[in-house]
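Before any comments, here is the structure.
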Amino acid sequence: MKRLCAAVMIAVLGTTTAGTASAASADHRHGTLQRHADALLDQGAPGVLVEVDTPRGDVRVRSGHGNVDARTPVPWRAKFRIGSYTKTFVAATVLQLVGEGRLSLEDTVDRWLPGVVDGNGNDGTKITVRQLLQHTSGLPDFVGRMPELFLEDEFQRIRFRTVTPEQMVALAVQQAPNFAPGADWAYSNTGYILAGMIIERVTGHTWQHEVRTRIVEPLGLRDTSLPGTSPYLPRPHAVAYERFREKGLEADPADPRFGEPIDVTTYNPSFGGAAGDMISTTDDGNKFLKALVGGKVLRPAQLAEMTNTLRTPALDPAWPGARYGLGIMWIPNSCGGHWSHGGNIHGFMTRNGVSSDGTRSVMVSINTDSLVPKPDAPTPDKDVTVDLIDHALCGAA
C-alpha cells in the first residue's frame, strides 16, 4: 500500500440569507478545520471527509485518500457505513412509537419478546425498553462472542454471511449479565438488536421500514439507506480499509500488532443490525442531527426522554465528562457541550456533533476504524476527533 499524503482541498457549499462571513474569518475557519483534518492522517486515517453546517453556510474539507493505491481523494458526497450512529435513528423510532402510545419505555423486553432473553441469569422480565436504549440493561454484548469479526482470515471467510437478530441475542445470553438491570452502565449492542426486534413486533414491519418511513423519507435524507444483508456500498464512496489485530480481541492493547490494511468495502453488514447497519453521508448526517435536536423528529416529551442523560465514566477516556441519554450522548466542550453519537464498523469511523440549539453541526467520516498512528505521531489522550469537533462547533463563525 502506497504511503499516504495529504490532499488539501476545501469547498464552501453555500450561504444562507444570514449573509457571508468576512474573507479573513472564512479563511481562518477553513484553515483551522483543514489542519485538524490533516492531523488525522498522522493518527492513521487513510482519508478524511468533514462537513460543518452553520447558519452562514456549509463548509467541507477533505484530506488524504479515498483510494490509497489510486491516490484519489474521498468523494465530496461519499456514502459510508455509519456504524453505531444507527442507534440514534433506532432510538428515535422507538420514541416515536412511545409518543403514539404503542409501547412504553417501562415495558419489559418480555412484554414484547417473551422468552427471547433468558438464560445464564439474563432475564427479559426484568429489563425495560428504556434500559435497552440507555445501555443500563446489563446484557452482555454479542460482539464479544463473534471473534471471527476481528481476525483477518476468519473475516474473509464469513464476510458475506448473514447473521439474524435471534442468533445475535442467543450469543449474548450465553454469557452471564454484566450487572443487574439498572445497576450500572455498559455499552451493549445487544440492547439495540432487541430494540429493532421490538419495533418489528409492535408495528408488524421491519425496523428498517420504520426508520425509513418515519425518519429518512420525511427528512429528505436521499442518500441514507438501510442495506440489511446487501454487501454493496452505493457510489460514490471511498475504499474502506481495515487493519486486523493479529490476535483479534485477545490482543494486548499495548502491543496489538496490526496486519496490513485490506479492502473491506463490500461485506454483509447484518451483524450490525439495528445497532449499526445504516449508510449515509455527511450532509444527511447533519440534517438528521439538526432536525432531531431542533424538535422536528420527536414530540417534546419524547425528546426530553431522549436527552435525559446519566453520567457515564466509562466513556471518559475518549470523551471526558460524557453523559448518555437514549441513543445519544452529551459531551462537554469549550462552548458548553454538544449532542453526538459516533459509530465504528469495519472500514469506517463516524464522528459528529450538534450544538444544543440545533443550529450548528458537524460530521466526520474516516475510511477506516482501525487507526494505527505513524511512529512519530503524538499519542492522543482522548478520541482523535475531539479537537476538530470542538473547533467546528465552538470556533468563530
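At least one side-chain heavy atom of Met329 sits less than 4.5 Å from a side-chain heavy atom of Trp319. The side-chain heavy atoms of Thr266 and Leu233, taken from C-beta on, include no pair separated by under 4.5 Å. Side-chain contact check for Thr368 versus Val264: every heavy-atom pair is 4.5 Å or farther apart. Considering only heavy atoms from C-beta on, Val109 stays 4.5 Å or farther from Val129 through its side chain. You'll find the side chain of Arg77 reaches within 4.5 Å of the side chain of Arg60, heavy atoms only. Within the 4.5 Å cutoff, side-chain heavy atoms of Leu33 are placed close to those of Leu388. The shortest side-chain heavy-atom distance between Val211 and Met278 falls under the 4.5 Å cut-off.
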*Decide side chain to side chain contact (heavy atoms under 4.5 Å, CB included) for Asp381 and Thr379; before the verdict, give the C-alpha distance in whole Å, the side-chain angles of both, and the deciding distance to 0.1 Å.*
CA-CA 7 Å; Asp381 59 358; Thr379 301; over 6 Å; no
*Go through Gln34 and Ser63 one step at a time and tell me if the side chain to side chain contact (heavy atoms under 4.5 Å, CB included) criterion holds.*
CA-CA 8 Å; Gln34 186 69 56; Ser63 191; 3.9 Å; yes
*Show your reasoning for whether salt bridge (charged side-chain N to carboxylate O under 4.0 Å, His left out) applies to Arg311 and Asp316.*
CA-CA 10 Å; Arg311 182 73 177 90; Asp316 277 352; 2.7 Å; yes
*Under the side-chain hydrogen bond (donor to acceptor under 3.5 Å, both in side chains) criterion, do Asn344 and Arg81 qualify, and how do the steps go?*
CA-CA 8 Å; Asn344 287 47; Arg81 303 185 193 278; over 6 Å; no
_Derivation and outcome, side chain to side chain contact (heavy atoms under 4.5 Å, CB included), residues Met363 and Thr350_ = CA-CA 7 Å; Met363 285 284 297; Thr350 299; 3.8 Å; yes
*Worked check of side chain to side chain contact (heavy atoms under 4.5 Å, CB included) between Asn178 and Asp184*: CA-CA 9 Å; Asn178 294 318; Asp184 203 344; over 6 Å; no
*Please step through salt bridge (charged side-chain N to carboxylate O under 4.0 Å, His left out) for the pair Glu250 and Lys247, ending with a clear verdict.*
CA-CA 5 Å; Glu250 302 303 316; Lys247 294 186 178 180; over 6 Å; no
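In plain terms, the two heavy atoms of Gly285 and Ser280 that are nearest each other are N-OG, 3.8 Å. Closest approach of Gln156 and Arg159 over heavy atoms only: OE1-NH1, 2.6 Å. Pairing each heavy atom of Val74 with each of Ala78, the nearest pair is CG1-CB, 3.9 Å. Of all the heavy atoms in Val61 and Ala37, the pair that sits closest is CG2-CB, 4.0 Å. Across all their heavy atoms, Ile366 and Pro46 have their closest contact at CG2-CD, 4.5 Å.
Between the side chains of Ser137 and Gln131, not a single donor N or O lies within less than 3.5 Å of an accepting N or O. Thr309 and Arg323 share a donor-acceptor pair across their side chains, judged by distance under 3.5 Å alone. With 3.5 Å as the limit, one finds a donor-acceptor pair spanning the side chains of Asn268 and Thr162. Side-chain N/O atoms of Thr281 and Asp283 include no donor and acceptor closer than 3.5 Å. Looking only at atom types and distance, the side chain of Asn189 has a donor-acceptor partner in the side chain of Asp141 under 3.5 Å away. For the 3.5 Å distance criterion, the side chains of Asp110 and Thr108 fail to qualify, holding no donor opposite an acceptor. Between the side chains of Asp53 and Ser361, not a single donor N or O lies within less than 3.5 Å of an accepting N or O. Residues His205 and Glu210 have side chains that bring a donor and an acceptor to within less than 3.5 angstrom of each other.
How far OG1 of Thr206 is from CG of Leu226: 8.0 Å, rounded to the nearest 0.5 Å. Interatomic distance, CD1 of Ile215 versus NZ of Lys287, reported as 15.0 Å (0.5 Å rounding). Rounded to the nearest 0.5 Å, atoms CG (Asp387) and SG (Cys394) are 11.0 Å apart. Expressed to the nearest 0.5 Å, how far CD1 of Ile345 lies from CD1 of Ile279 amounts to 9.0 Å. To the nearest 0.5 Å, atom CG of residue Leu371 and atom CG of residue Leu40 are 8.0 Å apart. To the nearest 0.5 Å, atoms CG (Leu103) and CZ (Arg201) are separated by 13.0 Å.
A salt bridge links Glu106 with Arg130: the closest approach of a Lys/Arg side-chain nitrogen to an acidic carboxylate oxygen falls below 4.0 angstrom. Using a 4.0 Å cut-off between a side-chain N of Lys or Arg and a carboxylate O of Asp or Glu, Arg243 and Glu152 do not qualify as a salt bridge.
A continuous path of hydrophobic side-chain contacts links Leu171 to Ile127 [ILVMFWY only; heavy atoms under 4.5 Å]. Hydrophobic cluster membership differs between Phe258 and Met349, with clusters built from Ile, Leu, Val, Met, Phe, Trp and Tyr side chains linked at under 4.5 angstrom. Tracing side-chain contacts under 4.5 Å through hydrophobic residues (I, L, V, M, F, W, Y), one reaches Leu298 starting from Leu105; they form part of the same cluster. In the hydrophobic clustering of this structure, Val202 groups with Leu132; members are Ile, Leu, Val, Met, Phe, Trp, Tyr whose side-chain heavy atoms approach within less than 4.5 Å, directly or through other members. Following chains of ILVMFWY side-chain contacts shorter than 4.5 Å, one cannot reach Phe179 starting from Leu310, and the two form parts of different hydrophobic clusters.
Asn67 contributes a side-chain N or O that, together with a main-chain N or O of Ala70, makes up a donor-acceptor pair within less than 3.5 Å. In terms of modelled atom types and a separation under 3.5 Å, the side chain of Thr190 and the main chain of Pro140 share a donor-acceptor contact. In terms of modelled atom types and a separation under 3.5 Å, the side chain of Thr136 and the main chain of Gly182 share no donor-acceptor contact. In this structure, the side chain of Asp277 engages the main chain of Gly228 through a donor-acceptor pair within 3.5 Å. A donor-acceptor pair under 3.5 Å links the side-chain atoms of Ser355 to the main chain of Thr359, judged by distance alone. A distance-only check finds no donor-acceptor pair linking the side chain of Ser230 to the backbone of Pro227 [under 3.5 Å]. Side-chain atoms of Asn367 come within 3.5 Å of backbone N or O of Val239 as a donor-acceptor pair. Between the Tyr241 side chain and the Val68 main chain, a donor and an acceptor come within less than 3.5 Å of each other. At least one donor-acceptor pair under 3.5 Å links the side chain of Asn286 to the backbone N or O of Glu51. Of the possible polar contacts, one joining the Tyr192 side chain to the Gly327 backbone as a donor-acceptor pair under 3.5 Å is found.
Residue Arg222 qualifies as open at atom CZ: its count of foreign heavy atoms under 6.0 Å is 12 or below. Within a 6.0 Å radius of OH in Tyr232, no more than 12 heavy atoms belonging to other residues, nucleotides or ligands are found.
The residue from Phe160, Phe150, Phe271, Phe244 that alone fulfils the ring pair (Phe, Tyr, Trp, His ring centres under 6.0 Å) condition with Phe155 is Phe244.
Taking the ring axis of Phe89 as reference, the NZ or CZ atom of Arg214 does not stay both within 45° of it and closer than 6.0 Å to the ring centre.
Centroid-to-centroid, the aromatic rings of Tyr324 and His341 come within less than 6.0 Å.
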